[in-house]
Amino acid sequence: MSFEPELDFGFLTQNQKPKPLFSYSTSLNLSQDDPTTLFESLKKAGITGIDLASAWGKELYELTNEDLKQLEKILKQTELAISRVNSQIGTIGIGDAFESEKLKFERMLEVADWFGASYIKVSSFKGDGTNPEQLAEAIKRLSELAEQAQPWGIIMLHENAPGYIGDKAARCKHIIYEVASSNLRTSFNPAQFMEVGEKPLSEAYEPMLAQYTYVQLENSLFQSPETLEQSELKKLLATMWENGYQGYINLDTREDGAFQLNSFESKLATLKGIVKAVSSSESV
């Protein structure tokens, strides 16, 4: 049974605020023993948040409390926040054992809480979303994870991807409304919708406007003027601006997991140029 008519996510959405505010973050797999210099460079470039995926060769659930203390100290020093815990939760197959995934997720919640992060990325399990049994199982699993997240006050952000149960916009929306939890929302990734053959703005963003609280921009969007045009990024950002979006736009420029500062700064400049063009403010 769908709960869509009764649900009101208005108190959570960041898309309906009167004054738009775009904050910039970037995805990182930390490899440096001391990332202070990198963080300072990111801060200087206008980044306020880190979308943390891994650190020092460890998945985030593997980090010790000593690791977390070290990272927390550097974040405070450089005045950066963790914009989202970029977890691998939900990237297993829909038929794989789930209990160990829940244990990992519990530690991820501790990590997010440690840094005061509001969001954890989750995926909807590898499988065939057109298979009713697999779709039902994905909804069941995400419902259990949402129950785990509820006492922590942390929001899971589902991200679509090809080859996963939640791949296309309609299926993503179905999952969100069937789980029917204020602890499950969704992040918007134009590149992933392009990969499954959908137009990012008209077929993915607008139908689910009230569910998006985070925007994820992949490296592939910035490869050429043509890919930028195909992504509808300028129209998308204009729509977000008009609707008063307040939240992070995360720029993921990792290549093979590695972060290249020069490449990142170039793409961030392109992104800020587009935002400036679509906004009435010069201060974004």
Side-chain angles (χ1 to χ4, degrees), residues 14 20-88 108 110-121 154 157 187 189 191 213-223 233 237 240 245-277 279 281-284:
Q14 299 181 33
L21 177 64
F22 292 178
S23 300
Y24 299 102
S25 63
T26 190
S27 299
L28 286 182
N29 295 94
L30 283 183
S31 56
Q32 301 94 331
D33 290 337
D34 182 356
T36 303
T37 301
L38 172 61
F39 283 10
E40 287 173 346
S41 297
L42 293 174
K43 179 74 175 178
K44 187 176 179 180
I47 291 297
T48 59
I50 302 297
D51 190 276
L52 190 62
S54 68
W56 304 304
K58 300 177 184 178
E59 296 292 332
L60 296 182
Y61 69 87
E62 297 174 316
L63 294 177
T64 65
N65 286 354
E66 287 305 311
D67 292 330
L68 298 179
K69 287 176 184 177
Q70 181 183 350
L71 183 53
E72 180 183 35
K73 181 180 178 181
I74 300 169
L75 286 166
K76 284 183 177 178
Q77 239 181 306
T78 52
E79 299 181 321
L80 291 176
I82 298 294
S83 61
R84 180 179 68 168
V85 173
N86 193 330
S87 83
Q88 297 297 308
M108 299 297 287
E110 291 176 3
V111 171
D113 183 67
W114 187 295
F115 293 117
S118 300
Y119 304 124
I120 294 181
K121 174 190 170 182
I154 292 170
L157 291 182
S187 60
N189 190 327
T213 58
Y214 199 88
V215 175
Q216 174 80 0
L217 301 181
E218 302 288 343
N219 201 32
S220 59
L221 299 184
F222 298 85
Q223 295 306 311
L233 187 57
L237 294 173
M240 290 168 56
Y245 177 83
Q246 290 192 347
Y248 281 105
I249 301 177
N250 186 67
L251 186 56
D252 186 352
T253 62
R254 292 173 297 170
E255 297 178 15
D256 299 322
F259 180 82
Q260 302 292 333
L261 184 60
N262 289 342
S263 173
F264 164 77
E265 289 179 332
S266 171
K267 292 175 176 65
L268 180 62
T270 298
L271 174 60
K272 285 187 171 183
I274 297 172
V275 172
K276 184 176 179 181
S279 69
S281 172
E282 300 270 328
S283 61
V284 292

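- At most 12 heavy atoms of other shown residues, nucleotides or ligands fall within 6.0 angstrom of atom NZ in K73.
- Between the side chain of D113 and the backbone N or O of E110 there is no donor-acceptor pair closer than 3.5 Å.
- Between Y119 and Y214, the ring planes are perpendicular. Angles over 60° get that label, and only those under 30° would be called parallel.
- Residues Q70 and W56 meet the side-chain proximity criterion, which asks for heavy atoms closer than 4.5 Å.
- Within the model, atoms CD1 of I74 and CG of D34 stand 4.5 Å from one another, a figure rounded to the nearest 0.5 Å.
- Inter-residue side-chain proximity for L52 and V85 is flagged as unmet; no heavy-atom pair is nearer than 4.5 Å.
- The two residues S87 and I120 come nearest to each other via the heavy atoms OG-CG2, 3.7 Å.
- Side-chain atoms of L268 and T253, non-hydrogen and from C-beta on, never get closer than 4.5 Å to each other.
- Residues F115 and L68 meet the side-chain proximity criterion, which asks for heavy atoms closer than 4.5 Å.
- For the pair K69 and E66, the salt-bridge criterion is met [side-chain N within less than 4.0 Å of a carboxylate O].
- Side chains of D51 and S25: no donor on one and acceptor on the other come within 3.5 Å.
- Judged purely by distance below 3.5 Å, without hydrogens or angles, the side chains of R254 and N219 never pair a donor atom with an acceptor atom.
- The two residues G46 and Y24 come nearest to each other via the heavy atoms O-CB, 4.0 Å.
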task: Apply side-chain hydrogen bond (donor to acceptor under 3.5 Å, both in side chains) to the pair D252 and T26, showing each step before the final yes or no.
output: CA-CA 6 Å; D252 186 352; T26 190; 6.0 Å; no
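- Side chains of K267 and S263: a donor on one and an acceptor on the other come within 3.5 Å.
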